[in-house]
Amino acid sequence: MTDGHDQNAAATSGGLTRRDGSAAGARLRVAIVGGGFMAEVHSRAARAARAELVGIASSSPERSAAAAERLGIERAYGSLDELLADDSIDVVHVTTPNAVHAEQASAVLAAGKDVVCEKPLATTVSDAEALVAAAEGRTATVPFVYRFHPLVREARSRFASGQAGRVLTINASYLQDWLLAAGDDNWRVDAQQGGRSRAFADIGSHLVDLVEFVSGDRVSRVSATKRTVFAERASHAGITTEDAVAVVMETRSGALGTLMVSQVAPGRKNRLFLEIAGSEESVAFDQEQPETLWVGRRKGSQVIPRDADQLSEDAARLCVVPSGHPQGYQDAFNAFIADSYAAVAGENPDGLPRFSDGLRAVRITDAVIDSAESGTWIEMGTNE
Ligand code: SOE
């Protein structure tokens, strides 16, 4: 069995050599901004990649101390400025609410450090464009981590090799239920903290990234409609961000697609579903069942298991346990961080989502909301 993780680890163990060229094998020193659930996910992935998780900064010295205690991190910084003043830090993970991503990721880059910034990269296209420009020459990645499920890479390889034929139709959805009740609330519902789009910016960004990543095609135009089911929630009123959004789309190659994104779908927790029909084969991937990939043919459709010996090289590389031991979300996140750190060391791992991919998702999100608000088709730029 190809244990891609050791190869990956080999890349990252080389990757853990500090950017300043200090002793070979020196561990990469990383820090986290933010103290919530995603900070915990990032901390697990940083440790799995053998980085030295040096410190954390949250919204106040007290919250920094509480997060450091909860996550077993050595140092609590009083502020982001204090963290950025620590020259020993190589990489900063930004895991804070959307509205401060641009300001904080910019500050990290201005301090000469590499950055992993949570999606959505920014709440406006102009902020995302500025971040891409500021990231020139640096390693700057965005956790579109569903790219790192091995069977997503297998699906992608079938379109990249031509085996699946040309893209004809796309049927994709991302459904959750954590905001189903009026009593459910979160900073994301507030446009001031999350941006003008909520459901699409939050999870539709993953969906469109995966559509373009697997198909190798690009969205060319969108027509959308959206709903805010609850204008009042437990601690927010006058809510304008969407609970659900439906999109009809076309691609540059002429394919047709439909997208449904909802955070009010009972029983669906993180049900990202992607079915792409090629002229030779269809592929269907369900993020809640990531150990199999359906491959459809006129004759001989099959369900492919996550078995490294049967997969493309890029898919096999991401298999870290033998088939039959299920891999999941944190494994995908760990692989993303391992590849991000390998990029810090000068490697160029295939399929690593960088700030340019984050900008792409922000552009599509903006077009979707513009379309829903105007009731018209919105064209995507042809060179973006
Ligand atoms: C909430 O919708 C959320 O945590 C997203 O912000 C993540 O990006 C997604 O992976 C899971 O759900």
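All of these numbers come straight from a predicted model, not from anything done at the bench. Atoms within each ligand, like the ligands themselves, are counted from 1 in listed order.
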Q.
Can you see whether Gln176 engages Asn270 through a side-chain donor-acceptor pair at a distance of less than 3.5 angstrom?
A. yes
Check ligand 1 for close polar pairs with the protein: N or O on both sides, less than 3.5 Å.
residue, atom, partner, partner atom, Å
ligand 1, 2 (O), Gln176, OE1, 3.2
ligand 1, 2 (O), Gln176, NE2, 3.2
ligand 1, 2 (O), Asp202, OD2, 2.6
ligand 1, 6 (O), Lys119, NZ, 3.2
ligand 1, 6 (O), Arg188, NH2, 3.3
ligand 1, 6 (O), Asp202, OD1, 2.6
ligand 1, 8 (O), Lys119, NZ, 2.8
ligand 1, 8 (O), His206, NE2, 2.8
ligand 1, 10 (O), Tyr146, OH, 2.8
ligand 1, 10 (O), His206, NE2, 3.4
ligand 1, 12 (O), Gln176, NE2, 3.1

Q.
Please list all pairs meeting salt bridge (Lys or Arg N to Asp or Glu O under 4.0 Å) that have one or both residues in residues 169-179, counting only residues at least two apart or in different chains.
A. Asp177-Lys269
Q.
Determine whether Asp209 and Lys119 satisfy the following criterion, salt bridge (Lys or Arg N to Asp or Glu O under 4.0 Å), listing intermediate values before the conclusion.
A. CA-CA 11 Å; Asp209 175 73; Lys119 32 54 62 185; over 6 Å; no
Q) Which pairs with one or both residues in residues 258-308 pass ring pair (Phe, Tyr, Trp, His ring centres under 6.0 Å), sequence neighbours excluded? A) His149-Phe285
Q) Has Arg153 got its NZ or CZ under 6.0 Å from the middle of the six-membered ring of Phe148, at an angle within 45 degrees of the ring axis? A) yes
Which donor-acceptor pairs under 3.5 Å do side chains of residues 66-74 form with protein atoms, sequence neighbours excluded?
residue, atom, partner, partner atom, Å
Arg70, NH1, Glu40, OE1, 3.2
Arg70, NH2, Gly35, O, 2.3

